[in-house]
Enquirer: 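Can you keep this structure in mind? I'll have questions shortly.
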Amino acid sequence: KIGFLWTRPGLPSPLRPICDLRVLNHFIQEARDAEVTMKSCREGCGLTEAVSVPQTTVNFDDWEKKNAMEQAQEVQTGLWLLQQALSLLRTSMTNSELNSHIDNVIRNLHSITAVLRSLNFQEYTPPASTVGPEGTWRVSTATELLQVHLNFLRGKVRLLLLDAQACQQEAS
């Protein structure tokens with residue numbers, strides 16, 4: 001399990017709360033709530049066009065072969081794609097209950113991005129081209145989008161945080 005790193009003389013910060021996966025678990029629960037609410041929505045809750053989203057399946061052999069920066073780049077690309085897709089969904093919806101859920105999950109994605117920066121992963125630069133990056137696919141419904149979002153958090157984001165060097169407990 002990942003826990004907090006406590007300060008000892010010479011360490012710059014008292015603890016690393018993001019290394020406590022309860023923060024991510026909270027974001028996952030909010031993503032699940034948004035998905036459940038979406039499934040019960042009948043009108044004013046659809047996508048106006050298909051959107052690119054990250055692949056959520058994880059081939060553990062391939063994942064383990066990547067270095068931390070490659071893994072972070074893949075996760076950051078996915079987070080960026082999800083932010084774009086969820087922002088489009090947000091502008092196309094008229095269901096106010098669902099809007100608050102989508103606002104929450106977008107805020108959570110921004111928080112995760114900030115966390116990755118705090119773990120010293122380099123800043124993500126979005127592609128100049130509008131063609132979806134490698135390792136993406138397209139979804140055309142809001143329910144599919146929210147399912148991808150939830151699975152991405154439970155999969156690649158969790159794996160990246162579990163393996164982050166800054167979160168590894170020091171051997172004592």
Enquirer: With a 4.5 Å cut-off on side-chain heavy atoms, are Thr77 and Glu74 touching?
Expert: no
Enquirer: With rounding to the nearest 0.5 Å, note down the distance linking CG in Asp33 to CD in Gln29.
Expert: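 Here the rounded value is 4.5 Å.
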Enquirer: Within the 3.5 Å criterion, strictly below it, is a donor on Asn25 or Arg22 matched to an acceptor on the partner's side chain?
Expert: no
Enquirer: The test is side-chain hydrogen bond (donor to acceptor under 3.5 Å, both in side chains); show your working for Glu30 and Asn108 and say whether it passes.
Expert: CA-CA 9 Å; Glu30 289 193 344; Asn108 293 347; 2.7 Å; yes
Enquirer: For Ala85 and Ser52, work out which heavy atoms get closest and say how close.
Expert: CB-O, 4.3 Å
Enquirer: Do you know which two heavy atoms are closest between Ala68 and Leu160, and how far apart they sit?
Expert: O-CD1, 4.2 Å
Enquirer: Which pairs pass disulfide (SG to SG under 2.5 Å) with one or both residues in residues 62-118, sequence neighbours excluded?
Expert: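 Applying disulfide (SG to SG under 2.5 Å) to every pair that reaches into residues 62-118, excluding sequence neighbours, yields nothing.
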Enquirer: Should Val75 and Leu159 count as side-chain neighbours, where that means a heavy-atom distance under 4.5 Å?
Expert: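 No. Closest side-chain heavy atoms not under 4.5 Å.
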Enquirer: Sequence neighbours left out, what pairs pass disulfide (SG to SG under 2.5 Å) with at least one residue falling in residues 34-84?
Expert: Cys41-Cys45
Enquirer: With no hydrogens and no angle check, is any side-chain donor or acceptor of Ser140 less than 3.5 Å from a backbone partner on Val51?
Expert: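 A pair under 3.5 Å: no.
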Enquirer: Mind running side chain to side chain contact (heavy atoms under 4.5 Å, CB included) on Lys156 and Val58 for me, showing each step along the way?
Expert: CA-CA 7 Å; Lys156 292 180 181 177; Val58 178; 3.7 Å; yes
Enquirer: If you compare all heavy atoms of Leu146 against all heavy atoms of Ala34, which two are closest, and at what distance to 0.1 Å?
Expert: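 What the structure gives for the nearest pair is CD1-O, 3.7 Å.
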Enquirer: Under a 3.5 Å cutoff, is there a donor and acceptor pairing between the side chains of Gln84 and Ser87?
Expert: no
Enquirer: Taking only residues at least two apart or on different chains, which pairs with a member in residues 46-88 satisfy disulfide (SG to SG under 2.5 Å)?
Expert: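 Residue pairs passing disulfide (SG to SG under 2.5 Å), neighbours aside: none found.
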